[in-house]
Amino acid sequence: MRLTVKSPYNPSGDQPEAIKSLSEGVLAGVKNQVLLGVTGSGKTYTMSKVIEATQKPTLIISHNKTLAGQLYQEMRDFFPDNAVSYFVSYYDYYQPEAYVPSSDTYIEKTADINDKIDKLRLQSTTNIMTRNDVIVVASVSCIYNIGDPREYGKFELPIYQGLKTGWKTLGESLIKMQYSRSEFEFTRGTFRLRGGNFDIYPAYQDTAYRVSLANDTVTKITEFDPISGKYIQDSQYNIPNTKIGIVIYPAKHYLLDKERFLKVEAEIKSDLEKEYTQLKNANKLIEAQRLLQRTNYDLETMKELGFVNGIENYSRYFDGRAIGERPYALPDYFKHRYGDDWLCIIDESHMTIPQIRGMFNGDQARKRTLVDYGFRLEAAMDNRPLKFNEFYKIPPHFIHVSATPDSWELEQAGEKIVEQLVRPTGIVDPMVVIRPASGDALSNAEGGEIQDVIKEIKLRAKKEERVLVTTLTKKTAEDLTGYLKEQGIRASYLHSDIKTLERTDILDSLRKNEFDVLIGVNLLREGLDLPEVTLVAILDADREGFLRSRVSLIQTMGRAARNIKGEVILYADKITDSMREAISEIKRRRVYQVAFNKKHNITPSNINKPLRERIIDGSESTAVWDTLGSVETKQSLELDITALTPRDKARWIKRLERDMKKLASDMQFEFAIQVRDKLRELKGEN
């Protein structure tokens with residue numbers, strides 16, 4: 001199927017030339033190109049038209065999950081008939097395995113996996129393996145090891161009408177693909193037997209299949225809703241005298257079959273013996289014994305179950321890689337399936353490229369300690385993210401997209417730098433005003449930035465306009481949110497502690513006028529498309545540093561360039577070099593757009609952007625606390641912590657953790673935050 005953009009818009013402004021130039025570069029085999037586009041110029045639309053023009057499967061990488069989520073929604077809208085997927089880290093909570101020698105503290109790996117994101121990840125690799133009209137929007141986590149695509153491709157189970165098989169054979173095949181039998185709870189990645197029917201719930205989709213068997217032969221395949229049991233279709237899976245049916249793909253990215261395990265078991269044991277001896281000879285007896293026990297336990301578990309917590313630390317053996325050889329990541333799936341006929345787009349490249357560069361070193365420092373103290377074999381060092389040069393060699397074509405590209409991308413692109421400085425809507429960059437920041441105490445300031453920003457928020461709230469406020473720390477963002485609520489302002493905050501999918505929902509809530517002001521730190525910088533926002537207020541703008549650098553200020557100010565009333569207020573007691581340079585660049589872009597508008601007789605108009613479908617559907621509760629079924633949860637918010645025994649505390653912590661997850665899953669974030677804050681108090685984290 002062709003990659004086809006469906007949109008009510010046609011390319012305008014600088015877009016036609018940008019699309020033509022970038023497409024020609026890709027088709028001519030150019031490795032690096034840069035799209036330098038101002039906020040609101042339609043960079044995402046240009047990207048989609050380049051994908052359509054080149055007809056290449058595409059990997060789009062963003063530096064954070066919020067932007068990845070927004071890009072996924074936009075691409076899903078532009079390509080409704082194609083395979084658009086979302087690939088980000090699937091952890092709601094992740095504590096990596098670590099050891100602190102100074103206090104002799106071992107921290108076991110703990111993770112709370114989001115089943116819905118896991119489904120989308122598996123959907124990504126399944127699409128790559130089965131289709132050519134593929135777009136995957138990913139975060140930088142896509143450069144982590146997910147196993148050999150060649151092995152993943154071997155694990156597939158075709159089922160069609162007339163296939164000679166039995167339920168036992170099907171079950172054994174699915175178990176090898178990391179599915180599990182579950183007669184009571186039918187969830188993704190499970191199968192069950194119902195009389196003469198064999199039900200399979202693929203890990204990467206929302207529907208299940210019922211395979212009807214008679215005399216060890218498949219007689220019919222039916223697709224159904226696993227929750228309601230409602231029939232969906234069967235015609236396309238039951239075409240007589242053909243082998244057209246369904247193909248089931250693995251339930252996990254990293255797979256291990258017993259035959260392969262037996263081949264590498266001897267190699268693991270050989271390395272274990274060598275490293276055990278080395279530790280003993282170095283008089284590290286505790287470390288030697290620890291390594292022996294842990295590794296033997298892992299080997300026994302893998303032999304019996306085909307899986308163990310931390311199996312990825314043995315991936316070098318199972319992948320057949322040499323010592324130091326790089327692991328396999330998502331870009332390898334593109335390379336394996338499409339060769340050199342695909343495209344990689346780096347969104348907000350000035351942020352994404354440095355993140356990709358830095359991930360390897362942080363990972364290796366933590367792993368080195370684990371290996372030195374006998375917690376892991378040396379092979380664990382090869383379970384890692386890709387080094388930057390390793391990643392850079394894989395994609396055949398790069399398009400680096402940013403309003404403020406860094407010097408590296410510009411150098412690599414050479415003459416292939418395409419500028420997109422015109423907004424089709426005619427909106428000019430916002431006016432920038434500098435106001436004093438002094439007197440910023442939350443509760444008693446007569447003047448200063450906080451009281452001034454409250455006044456500005458109230459003015460815009462009356463007109464049903466929205467405001468973004470950026471602070472320097474997450475704690476300040478939370479405190480300011482609480483203070484604004486006390487002043488009768490509908491406020492919320494957004495930062496990295498908030499779960500992946502919730503971030504997109506919070507942004508949608510702002511657009512729906514469910515609150516007036518959103519407060520954040522760094523997540524309000526790049527790419528957010530919020531046409532209802534008429535004011536961006538930057539607190540402590542004169543605190544020179546990463547969050548108040550020239551690039552950061554330009555990016556943040558750009559959030560106000562989606563509305564004809566857009567304005568930026570910088571709260572500062574002095575003008576820094578970064579402020580001066582950022583304001584100068586914004587003025588230059590204003591002049592350029594005004595001249596274009598005058599030349600083409602364009603009257604600026606606001607962007608009319610409909611709300612998109614959520615990444616994952618979720619139900620909202622009308623009676624929030626009633627859904628919990630626990631009056632005690634409400635009472636817990638007034639608990640006197642000092643009056644609780646340790647046992648009582650443990651009981652309340654367990655209950656509140658459960659209720660907090662329930663509230664979050666029902667998208668009731670403000671109530672979930674109240675419960676979370678009480679949890680922190682109970683745990684002594686405040």
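Numbers here are sequence positions counted from 1. Below, each value reflects all heavy atoms present in this structure, side chains not excepted, and no hydrogens, waters or symmetry copies.
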Test of ring centre spacing under 6.0 Å for Phe398 and Phe391: yes
Check for me whether the distance between the ring centres of Phe191 and Phe198 falls short of 6.0 Å. yes
Whether Phe224 and Phe186 hold their rings parallel, tilted or perpendicular, with breakpoints at 30° and 60°: parallel
Using 30° and 60° as the class limits, which term best fits the ring planes of Phe334 and Tyr338: parallel, tilted or perpendicular?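 Because their plane-to-plane angle lies in the 30° to 60° range, the rings of Phe334 and Tyr338 count as tilted.
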Close side-chain approach of [X] and [Y], heavy atoms under 4.5 Å:
X      : Y      : result
Leu122 : Tyr249 : no
Phe388 : Ile353 : yes
Arg76  : Tyr86  : no
Glu409 : Asn32  : no
Val211 : Leu163 : no
Thr125 : Leu330 : yes
Ile175 : Glu172 : no

Using 0.5 Å steps for rounding, measure from the [atom1] atom of [X] to the [atom2] atom of [Y].
X      : Y      : atom1 : atom2 : result
Ile61  : Ile143 : CD1   : CD1   : 8.0 Å
Asp199 : Arg192 : CG    : CZ    : 4.5 Å
Leu377 : Asp271 : CG    : CG    : 6.5 Å
Gln70  : Leu67  : CD    : CG    : 6.5 Å

Please give me the minimum heavy-atom distance between Asp382 and Ala322, naming the atom from each residue. OD2-O, 4.4 Å
Write down the atom of Arg131, the atom of Val134, and the distance for their closest heavy-atom approach.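 The pair with the smallest heavy-atom distance is O-CG2, 3.6 Å.
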Presence of salt bridge, [Y] and [X], under 4.0 angstrom:
X      : Y      : answer
Arg210 : Asp234 : no
Asp340 : Lys335 : yes
Glu287 : Lys280 : no
Lys164 : Asp216 : no

Okay, side chain of [X], backbone of [Y]: is any donor-acceptor separation there less than 3.5 Å?
X      : Y      : value
Gln161 : Thr219 : yes
Asn296 : Leu292 : yes
Glu267 : Val264 : no
Asp225 : Ile227 : yes
Thr126 : Gln123 : no
Ser124 : Leu120 : yes
Arg194 : Glu183 : yes
Ser85  : Val136 : no
Glu378 : Glu275 : no
Ser270 : Ala266 : no

As a quick check of understanding, evaluate side-chain contact (heavy atoms from CB on, under 4.5 Å) for Met129 and His336, giving each step before the final call. CA-CA 9 Å; Met129 290 298 184; His336 171 71; 3.8 Å; yes
Can a donor-acceptor pair be found between the side chains of Tyr328 and Asp319 at a distance below 3.5 Å? no
Would you say the side chains of Ser182 and Ser180 form a donor-acceptor pair under 3.5 Å? no
Around [X], counting heavy atoms of other residues, nucleotides and ligands shown, do more than 12 lie under 6.0 Å from its [atom1]?
X      : atom1 : value
Glu273 : CD    : no
Tyr297 : OH    : no
Asn389 : CG    : yes
Glu185 : CD    : no
Lys274 : NZ    : no
Ile286 : CD1   : no

Leu386 and Ile394: CA distance, side-chain angles, deciding distance, side-chain contact (heavy atoms from CB on, under 4.5 Å) verdict: CA-CA 11 Å; Leu386 298 174; Ile394 303 173; 3.9 Å; yes
Evaluate the criterion salt bridge (Lys or Arg N to Asp or Glu O under 4.0 Å) for residue pair Lys119 and Asp206; output intermediate values, then yes/no. CA-CA 9 Å; Lys119 181 207 80 171; Asp206 295 320; 3.1 Å; yes
By the definition salt bridge (Lys or Arg N to Asp or Glu O under 4.0 Å), identify the one residue from Arg150, Arg337, Arg321, Arg326 that meets it with Asp332.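 For Asp332, the salt bridge (Lys or Arg N to Asp or Glu O under 4.0 Å) test succeeds with only one of Arg150, Arg337, Arg321, Arg326, which is Arg326.
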With salt bridge (Lys or Arg N to Asp or Glu O under 4.0 Å) as the criterion, how do Arg384 and Glu390 come out once you've worked through the C-alpha distance, each side chain's angles and the decisive distance to 0.1 Å? CA-CA 12 Å; Arg384 57 174 177 82; Glu390 294 170 340; 2.9 Å; yes
Test applied, side-chain contact (heavy atoms from CB on, under 4.5 Å); reference residue, Ile248; option that passes from Tyr201, Tyr209, Phe155: Tyr209
